[in-house]
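Letters A, B, ... are given to chains in the order of the sequence lines, protein chains preceding strands, and every chain is numbered from 1.
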Amino acid sequence: MSFQLAVFYAFALILVFAALRVITARNPVHASLFLVLAFVTAAGLWMLLEAEFLAITLVLVYVGAVMVLFLFVVMMLDINIDRIREGYWEYLVPALVVAGTMLAEMTLLLVGRSLRLEGMPAPAAKAETYSNTKELGRLIYTQYVYAFEIASVILLVAIVAAIALTMRRRKDSKYQDPARQVVVRRADRVRIVAMKSDKPAAPAAPASEQAAP
Amino acid sequence: MESFSNFFGPTWPLVWTLAKIVAIVLPIMGCVAYLTLAERKVIGFMQVRLGPNRVTFFGIRWLGGLAQPIADALKLLTKEIIIPSGANKVLFLMAPVLSLMPALAAWAVIPFDPELVLANVDAGLLYVMAITSMGVYGVIIAGWASNSKYAFLGCLRSAAQIVSYEIAMGFALVGVLMMSHSLNLVDIVKQQQGGLGALSWNFIPLFPMFIVYLISGVAETNRAPFDVAEGESEIVAGFHVEYSGMAFAVFFLAEYANMILVSTLTAVMFLGGWLSPVPFLPDGFPWLVAKVGFVLFLFLWFRATFPRYRYDQIMRLGWKVFIPVTLVWLMVIGGWMQTPYWPWK
């Protein structure tokens with residue numbers, strides 16, 4: 001067994017274990033942390049395929065940003081664990097059907113007679129100077145430029161829609177306008193009043209102190 | 001060297017890499033220790049007081065203060081690590097490790113010299129961004145696992161802040177990428193080698209991005225004036241309020257290691273790495289040390305100068321100022337590079 005194969009099996013085991021724990025962990029925070037582990041391990045598998053751009057982007061985007069926000073929300077929610085577990089067995093059957101269908105489809109692709117995996121030619125070894133990132137960038141901005149741009153516009157619309165749907169302007173919210181704050185001059189805020197100082201009368205003897213025992 | 005490699009046999013590459021990792025991590029730890037002393041001395045000087053000046057080596061008086069970091073470390077090592085009842089024990093102990101790990105792992109691709117780099121990988125810049133983005137997990141997990149309201153508030157603030165500033169930081173690095181046509185950190189430094197010394201470094205054409213990156217770096221490391229995650233005055237010490245002893249010290253190590261990392265990245269991306277600022281002096285590692293030292297001094301200077309930002313001010317600065325500035329400058333740089341009037345070929 002070559003070193004790479006050993007690494008692949010180690011990563012695959014960790015990935016399957018982490019994915020299983022995502023759905024079986026009782027605590028939602030633990031489940032999301034196992035999801036992080038699954039992402040990192042999947043990135044490791046992609047790295048083994050020499051897809052370094054995809055692997056690192058997976059970590060950067062999903063682990064570094066998406067899962068942080070996910071944890072943020074999960075931690076803030078007041079989740080009743082028992083209530084979540086209630087429907088577990090009910091959902092298990094449809095989930096097994098979906099998983100079984102996916103497994104069957106993949107099996108068909110990998111071992112089916114017409115789509116045999118062995119029939120595919122092995123990818124040629126890449127030269128030392130081959131840059132996965134540069135190659136991907138070139139394809140995205142030349143050959144697939146329309147697909148790429150349309151996908152990004154759809155995402156942008158989705159972002160705007162998500163904000164527009166959830167934003168509500170509260171009438172009583174207070175905010176500051178920094179532009180107005182910096183142009184403020186002393187005269188706008190403080191009015192200096194000239195007052196004549198007057199002599200206070202001689203202080204009376206502190207009666208209260210003497211009265212105190 | 002030959003006899004060593006024979007002695008270890010097939011495990012030699014592993015041993016050799018481990019030796020190189022130790023050769024990088026140990027000096028960093030030393031730098032972290034003395035950065036804490038430098039911080040106290042520099043801020044003391046700015047506030048017209050002496051700073052630590054008592055603990056010395058072997059009773060030599062004029063070394064006063066120099067042994068302070070070692071004394072601090074010994075004190076923290078001997079203290080008890082208290083685990084709060086109701087805390088999630090495994091995650092509570094894992095959090096400091098998770099915050100120190102990215103701060104050290106990112107050093108693998110930092111070039112100290114044209115040859116001196118542990119892993120000269122092609123996607124070095126992406127690797128650094130991915131690894132440093134994982135640093136926030138230590139803070140979040142610490143805040144949640146402590147089972148304390150102050151710690152939890154600190155971790156939520158930190159999560160929101162780091163995610164916001166990472167975007168501006170990423171855009172600033174896109175500018176560097178456009179200048180160098182490469183994700184490799186060695187190539188990024190080599191591209192800044194013009195005939196003009198300091199004038200051909202990236203910080204001149206990318207000046208707004210340099211400023212954005214520097215300030216985002218301060219925010220990413222949770223340093224003053226962006227230290228709302230710790231916010232002593234309102235949430236005691238934020239995410240690490242429940243930590244004591246060495247577990248607390250590891251958080252501290254991570255914060256300072258991150259400071260050194262961000263300073264080194266700033267020096268490599270914008271200030272020409274190991275390149276000499278004047279053409280008649282040779283390039284070399286000492287220049288990198290000088291640049292990193294300068295950026296670190298800025299960090300300490302900021303802390304001594306600025307009051308802490310309010311949370312909404314931090315969010316406004318990140319989303320409404322830095323991200324538009326970097327986007328506009330990306331357009332400017334992109335357009336300018338297409339014209340014949342681009343001086344940094």
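More than 12 heavy-atom neighbours from other residues, nucleotides or ligands sit within 6.0 angstrom of OH on Tyr311(B). Remark: Phe72(A) CZ is packed, more than 12 non-hydrogen atoms of other residues, nucleotides or ligands lying under 6.0 Å away. Residue Gln4(A) qualifies as open at atom CD: its count of foreign heavy atoms under 6.0 Å is 12 or below. Under a cut-off of 6.0 angstrom, the local environment of NZ in Lys20(B) is crowded, with over 12 non-hydrogen atoms contributed by other residues, nucleotides or ligands. In Tyr62(A), the OH atom is not crowded: 12 or fewer heavy atoms of neighbouring residues, nucleotides or ligands sit closer than 6.0 Å.
In terms of heavy-atom proximity, Arg316(B) sits nearest to Pro178(A) at NE-CG, 3.1 Å. Pairing each heavy atom of Ser133(B) with each of Gly64(A), the nearest pair is OG-CA, 3.5 Å. For Ile140(B) against Met75(A), the heavy-atom pair with the smallest separation is CG2-CE, 3.1 Å. Between Ile56(A) and Ala123(B), the closest heavy-atom pair is CD1-CB, 4.0 Å. Closest approach of Met67(A) to Tyr137(B), counting heavy atoms only: CB-OH, 3.0 Å.
With a threshold of 4.5 angstrom between heavy atoms, Leu126(B) approaches chain A through its backbone and through its side chain. Heavy atoms of Val61(A) lying under 4.5 Å from chain B are absent altogether. The contact between Leu71(A) and chain B is made entirely by side chain atoms (from C-beta outward), counting heavy-atom distances below 4.5 Å. With a 4.5 angstrom heavy-atom cutoff, Leu33(A) touches chain B only via side-chain atoms.
Comparing Leu69(A), Val63(A), Leu58(A), Thr57(A) by how many heavy-atom pairs each has under 4.5 Å with chain B, the most go to Val63(A). Annotation: maximal heavy-atom pairing with chain A below 4.5 Å, among Ile141(B), Ile167(B), Leu156(B), Val163(B), occurs at Leu156(B).
Contacts between residues 83-103 of chain B and chain A, defined by a heavy-atom separation under 4.5 Å, are made by Asn88(B), Leu91(B).
Residue His30(A) holds its NE2 atom at 4.0 Å from CH2 of Trp144(B), rounded to the nearest 0.5 Å.
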